[in-house]
There are 2 protein chains.
Amino acid sequence: MLEPIERQSLSQAVYERLRDGIVSGELGSGTKLPSERQLSEALGVNRGAVREALKRLEQARLVQIRQGGAARILDYQAHAGLDLLSELLFAGGELDLRVARSVVEMRAHLGPEIARRCGERGGTAAADRLDAIVAGMRADPDLDARQAASLEFWDALVDGSGNVAYRLAYNSLRASYDGFRAALVQVLGDELKSVDGFQAVADAVRAGDAEAAAARAAELLARGAQGLSTLFEALETFPGGE
Amino acid sequence: MLEPIERQSLSQAVYERLRDGIVSGELGSGTKLPSERQLSEALGVNRGAVREALKRLEQARLVQIRQGGAARILDYQAHAGLDLLSELLFAGGELDLRVARSVVEMRAHLGPEIARRCGERGGTAAADRLDAIVAGMRADPDLDARQAASLEFWDALVDGSGNVAYRLAYNSLRASYDGFRAALVQVLGDELKSVDGFQAVADAVRAGDAEAAAARAAELLARGAQGLSTLFEALETFPGGE
DNA sequence: TGAGGTCGGGTGGTAAGACCACCTGGCCAC
DNA sequence: GTGGCCAGGTGGTCTTACCACCCGACCTCA
């Protein structure tokens with residue numbers, strides 16, 4: 001209600017239009033895109049806007065551009081990186097359950113590993129930060145606040161893991177999550193309410209017990225996975241029924 | 001020697017220049033970028049080239065652009081996605097060992113999980129494909145061919161895992177790897193030579209034994225990790241000694 | 001007949017200039 | 001102190017033009 005009204009630039013619109021065409025298979029991989037001039041005329045926008053969109057598609061490895069020749073569409077499953085995940089999740093204006101399940105599975109696998117490495121390398125600095133966040137959770141039982149704190153918690157864990165790749169992968173996963181934060185507060189209720197679960201992870205990190213940290217993190221994430229799984233089943237039976 | 005000569009567009013050069021400035025910390029997060037007009041004048045290029053570069057930086061979540069106000073530089077560690085990994089690995093013209101170690105660690109963790117899911121869901125179709133690749137390995141002991149076959153093998157595994165997120169994450173990791181393929185043929189020799197290791201993974205997938213597939217994959221990757229680890233130590237002692 | 005060269009048309013790459021939409025800050029009137 | 005106004009700067013869009021490059025058709029000549 002009180003969120004900022006989204007405005008969209010033309011190049012953004014062009015980007016999304018072409019991206020949706022590619023990931024939906026409408027523009028098959030290997031086919032050639034119309035020329036920039038043709039696109040700009042067909043879409044009724046300036047050539048510059050088209051170029052900006054094409055550059056972004058190239059960066060996402062959805063197309064390949066060569067001077068003097070037309071842009072070729074690539075097979076996104078074979079080339080695109082994890083940054084595309086959040087866009088894939090909702091491409092075409094509808095939630096893709098197959099992608100959503102993949103995200104949850106990756107979360108369930110990456111999370112414990114991050115906790116493990118944090119337990120291994122985080123030290124007391126990480127433990128202090130985690131404890132402070134958990135203390136804040138106890139102080140405020142509001143679910144929205146819990147969700148924010150939970151994100152902080154994972155942020156701290158990931159920092160403590162000392163692994164840049166995990167950090168970036170976490171960011172990519174979180175970008176997928178952010179689009180549905182409000183919708184998932186209830187679904188992840190079990191996970192968010194279990195302050196003891198967060199505390200157990202923090203304790204393991206403080207003890208420097210990497211395996212325990214991983215195990216406790218896995219237990220914590222399993223609570224949310226339960227809710228997500230039932231949500232997905234419901235969505236499968238009653239599509240669109242958000 | 002016979003590789004295509006790389007040409008670089010202006011917008012690409014602008015992108016890399018700004019990206020390096022950001023990830024190196026030279027342009028601290030929170031600071032404001034000069035206006036497009038100032039940048040284009042300072043860099044001696046057209047404003048369009050600057051805009052294309054800025055759009056890409058925004059897509060990589062390195063900057064935030066708002067109409068009417070200057071572009072703000074974001075904290076890339078807090079926002080950038082896994083796609084940045086390959087660029088981070090070599091940003092500033094030198095290999096970043098901390099990033100490299102992170103990549104290897106993620107490989108060691110993600111690989112077995114991919115094998116596990118492939119064993120779980122790949123079925124005979126995946127097993128057939130894997131077996132064919134391993135057969136090809138036996139037929140050609142050349143290391144370069146082995147490396148190509150090894151990539152095909154993982155490609156097939158990842159397809160069999162039925163997880164889009166893993167697929168995209170694998171693509172991101174592979175993009176980091178591709179820049180050093182030639183340099184790593186020797187370093188990964190142990191891994192590439194162990195056809196039996198690949199075969200063991202393929203066998204586990206055929207048997208539908210997910211845990212065995214994960215275990216065999218972990219063993220296989222450990223061989224390469226050994227070589228990589230000693231390489232990194234050497235590079236740490238003699239920097240730049242490629 | 002086939003190898004090689006020439007050339008025109010189309011493509012992406014770059015440039016310069018202009019105007020619009022929007023934000024910011026300072027000023028002013030109330 | 002509030003609200004409105006206004007000017008200057010910013011990103012967003014458009015137009016036009018030219019350059020560098022690639023491709024295919026065509027031609028030439030051994």
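The sequence lines fix the lettering, A, B, ..., with proteins before strands; numbering per chain opens at 1.
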Sugar-phosphate only, base, or nothing, as touched by B:Glu58 at under 4.0 Å among non-hydrogen atoms: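 Contact class for B:Glu58: none.
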Sugar-phosphate, base or nothing in reach of A:Gly48, heavy atoms under 4.0 Å: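 Since no nucleic acid heavy atom lies under 4.0 Å of A:Gly48, the category is nothing.
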Nucleotide nearest [X] (side chain, heavy atoms from C-beta), chosen from [options]:
X: B:Ser9; options: D:dC14, C:dT14, D:dG11; answer: C:dT14
X: A:Arg37; options: C:dG12, C:dT14, D:dT10; answer: C:dG12
X: B:Arg66; options: C:dT24, D:dG11, C:dG12; answer: C:dT24
X: A:Arg51; options: D:dC21, D:dG12, C:dT14; answer: C:dT14
X: B:Ile65; options: D:dG12, D:dC18, C:dT14; answer: D:dG12

A:Arg138/A:Phe198 under side chain to side chain contact (heavy atoms under 4.5 Å, CB included): CA gap, chis, key distance, verdict: CA-CA 11 Å; A:Arg138 292 195 196 284; A:Phe198 287 97; over 6 Å; no
Atom-to-atom span, [atom1] of [X] to [atom2] of [N] - whole angstrom:
X: A:Arg47; N: D:dT16; atom1: CZ; atom2: C1'; result: 11 Å
X: B:Glu41; N: C:dA15; atom1: CD; atom2: C1'; result: 14 Å
X: A:Gln67; N: C:dG9; atom1: CD; atom2: P; result: 19 Å
X: A:Asn46; N: D:dA17; atom1: CG; atom2: P; result: 15 Å
X: B:Glu36; N: C:dC20; atom1: CD; atom2: C1'; result: 14 Å
X: B:Leu39; N: D:dG12; atom1: CG; atom2: P; result: 13 Å
X: A:Arg72; N: D:dC23; atom1: CZ; atom2: C1'; result: 15 Å
X: B:Lys32; N: D:dG11; atom1: NZ; atom2: C1'; result: 14 Å

Given DNA chain D, 5'-ward residue of the pair A:Gly68 and A:Val45, judged by closest heavy atom: A:Val45
Steps toward salt bridge (charged side-chain N to carboxylate O under 4.0 Å, His left out) verdict (A:Arg56, B:Glu58): CA-CA 10 Å; A:Arg56 292 182 54 193; B:Glu58 185 181 34; 5.7 Å; no
Residue pair B:Arg167 / B:Asn171, side-chain heavy-atom distance below 4.5 Å: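 Touching, per the 4.5 Å side-chain cut-off.
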Working for side-chain hydrogen bond (donor to acceptor under 3.5 Å, both in side chains), residues B:Arg72 and B:Gln64: CA-CA 5 Å; B:Arg72 273 217 337 272; B:Gln64 192 176 36; 3.3 Å; yes
A:Arg121 and B:Glu105: CA distance, side-chain angles, deciding distance, salt bridge (charged side-chain N to carboxylate O under 4.0 Å, His left out) verdict: CA-CA 14 Å; A:Arg121 303 192 272 250; B:Glu105 187 168 280; 2.7 Å; yes
Phosphate-side-chain proximity, B:Ser35 and D:dG9, N/O vs OP1/OP2 below 4.0 Å: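 Checking D:dG9 against B:Ser35, no side-chain N or O comes under 4.0 Å of OP1 or OP2.
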